[in-house]
Novice: 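What follows is a structure written as structure tokens; I'll ask about it next.
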Amino acid sequence: MKIGLYFGTFNPIHVGHLIIANHMAEHSGLDQIWMVVTPHNPLKKKSTLLDDYHRLQMVHLATEDFPKIKPSDIEFKLTQPNYTVNTLVHLEEKYPNYKFSLIMGEDNLRSFPKWKNYEAILEHHEIYVYPRLEAQGSADEAISTNPEDLDLKIFQKYGTKIHMIDAPVVEISSTFIRNNIKKGKNVQPLLPAKVWEYIDHNNFYKK
């Protein structure tokens with residue numbers, strides 16, 4: 001079984017995350033997408049990050065109607081701070097018959113060579129990349145999905161491992177959602193209904 005790992009704090013998970021995950025599940029050749037909830041790093045200030053299990057519960061609520069999308073707390077069990085390469089090794093040992101790949105935005109792909117043991121990751125795993133808007137460009141200008149335009153050395157050696165997926169360009173920010181909940185704005189269209197109900201019931205992000 002081919003599993004795509006979609007990492008995130010999901011603070012909170014929103015419809016943009018689901019649009020990307022569902023597109024990958026339906027159009028990339030992956031069998032399942034696991035939404036891997038990143039736990040709080042004890043070495044960093046917690047700030048607005050909700051408790052790990054509240055964020056995991058929101059992912060459960062958001063994905064329960066999508067049979068190909070699953071929540072994962074796999075990193076909760078690993079020593080913190082953790083690195084993606086360690087998570088992959090752990091998953092391979094636990095699920096030897098599964099083939100794991102990473103899902104990331106093009107902005108993360110550009111910084112991927114800075115990841116710990118990134119070459120070891122690419123030796124054993126594939127990456128599925130969805131488009132993001134240019135940080136410096138206009139709101140209509142998406143990052144090119146042409147590998148040559150990305151000017152990345154990793155394509156020269158690992159190009160066959162990196163799949164550029166023509167997924168919808170979705171720019172919804174969890175930070176924007178949190179800030180607007182705090183301001184008393186209506187953000188319900190940006191969240192799965194059950195996630196909004198959970199946030200509202202627990203008065204999350206209002207302070």
Side-chain angles (χ1 to χ4, degrees), residues 4-25 28 33-41 44-66 69-73 75 81 84 102-112 114-115 127-145 150 164-207:
L5 302 173
Y6 189 177
F7 292 83
T9 54
F10 303 118
N11 187 40
I13 188 170
H14 52 66
V15 295
H17 294 129
L18 290 180
I19 289 170
I20 295 299
N22 186 68
H23 188 93
M24 290 293 180
S28 69
I33 309 301
W34 291 7
M35 311 291 279
V36 183
V37 181
T38 304
H40 170 61
N41 184 339
K44 292 184 179 180
K45 185 179 178 181
K46 190 171 183 179
S47 63
T48 59
L49 189 63
L50 285 185
D51 178 82
D52 296 345
Y53 288 94
H54 282 306
R55 291 181 290 115
L56 178 66
Q57 177 62 17
M58 288 192 287
V59 175
H60 271 287
L61 292 170
T63 60
E64 61 186 6
D65 293 329
F66 296 85
I69 306 174
K70 310 289 185 182
S72 173
D73 64 354
E75 291 200 325
T84 301
L102 299 182
I103 294 171
M104 66 177 66
E106 285 189 81
D107 50 341
N108 284 325
L109 179 63
R110 291 176 182 275
S111 62
F112 187 66
K114 297 179 182 178
W115 289 29
I127 300 179
Y128 291 78
V129 185
Y130 58 88
R132 296 294 300 269
L133 294 181
E134 283 279 17
Q136 307 299 324
S138 70
D140 314 320
E141 184 182 358
I143 296 175
S144 171
T145 55
L150 290 170
M164 311 303 289
I165 305 300
D166 188 22
V169 179
V170 182
E171 293 297 320
I172 300 174
S173 161
S174 293
T175 302
F176 176 86
I177 291 171
R178 294 195 306 272
N179 289 342
N180 279 274
I181 290 175
K182 187 176 181 179
K183 294 175 183 176
K185 305 293 185 182
N186 182 8
V187 297
Q188 290 187 59
L190 306 180
L191 296 162
K194 292 178 183 177
V195 172
W196 164 248
E197 291 169 3
Y198 189 80
I199 289 171
D200 189 50
H201 176 75
N202 289 285
N203 290 313
F204 290 150
Y205 309 123
K206 291 186 178 179
K207 294 182 180 179

Novice: What distance do Q57 atom CD and H60 atom NE2 have between them, rounded to the nearest 0.5 Å?
Specialist: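 If we round to the nearest 0.5 Å, Q57:CD and H60:NE2 are 6.5 Å apart.
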Novice: Can you measure from CG (D73) to CG (L56) and round to the nearest 0.5 angstrom?
Specialist: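 Rounded to the nearest 0.5 Å, the CG-CG separation comes to 5.5 Å.
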Novice: Parallel, tilted or perpendicular: which one describes the rings of H17 and H14, with boundaries at 30° and 60°?
Specialist: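 Rings of H17 and H14: parallel, as their planes differ by under 30°.
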Novice: Between S174 and P12, is there a donor-acceptor pair closer than 3.5 Å when you use the side chain of the first and the backbone of the second?
Specialist: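 The answer is yes, because a donor-acceptor pair under 3.5 Å joins these two groups.
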Novice: How long is the straight-line distance from CD1 of I127 back to CG of L109, given to the nearest 0.5 Å?
Specialist: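 So the CG of L109 and the CD1 of I127 are separated by 6.0 Å.
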Novice: Is there a side-chain contact between Y6 and M24 in this structure, where contact means two heavy atoms from C-beta onward sitting under 4.5 Å apart?
Specialist: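 Y6 does not reach M24 side chain to side chain.
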Novice: Do K194 and D65 come close enough that some side-chain heavy atom pair is under 4.5 Å?
Specialist: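 In contact.
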Novice: Kindly compute the distance separating OG1 (T48) from CG (N179), expressed to the nearest 0.5 Å.
Specialist: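 These two atoms lie 8.0 Å from each other.
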Novice: Which value, rounded to the nearest 0.5 Å, describes the distance between N108 atom CG and R132 atom CZ?
Specialist: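 The distance works out to 7.5 Å.
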Novice: Before giving the answer on salt bridge (charged side-chain N to carboxylate O under 4.0 Å, His left out), spell out for R55 and D52 the whole-Å C-alpha distance, their side-chain angles and the decisive distance to 0.1 Å.
Specialist: CA-CA 5 Å; R55 291 181 290 115; D52 296 345; 2.6 Å; yes
Novice: May I have the step-by-step check of side chain to side chain donor-acceptor pair (under 3.5 Å) for N11 and Y205, ending in yes or no?
Specialist: CA-CA 10 Å; N11 187 40; Y205 309 123; 2.7 Å; yes
Novice: Counting N and O atoms only, with roles assigned by atom type, does the side chain of N186 sit under 3.5 Å from a partner on the main chain of Q188, one being a donor and the other an acceptor?
Specialist: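 Side chain of N186 to backbone of Q188: a pair is present.
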Novice: Would the distance check show the side chain of N180 and the main-chain N or O of F176 forming a donor-acceptor pair, the cut-off being under 3.5 Å?
Specialist: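 Side chain of N180 to backbone of F176: a pair is present.
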Novice: Could you work out, with salt bridge (Lys or Arg N to Asp or Glu O under 4.0 Å) as the rule, every residue matching K185, not counting sequence neighbours?
Specialist: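 If we apply the salt bridge (Lys or Arg N to Asp or Glu O under 4.0 Å) test to K185, skipping adjacent residues, there are no hits.
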Novice: Could you tell me which residues satisfy side chain to side chain contact (heavy atoms under 4.5 Å, CB included) with A25, sequence neighbours excluded, listed by chain and number?
Specialist: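 A25: side chain to side chain contact (heavy atoms under 4.5 Å, CB included) contacts with I33, K68.
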Novice: Find out whether K206 and I181 are in side-chain contact, i.e. whether some heavy atom of one side chain is under 4.5 Å from a heavy atom of the other.
Specialist: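 A side-chain contact exists here, since the closest heavy-atom pair is under 4.5 Å.
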Novice: Ignoring hydrogens and angles, tell me if any N or O in the side chain of D200 forms a donor-acceptor pair with the backbone of W196 under 3.5 Å.
Specialist: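 Between the backbone of W196 and the side chain of D200 there is no qualifying donor-acceptor contact (under 3.5 Å).
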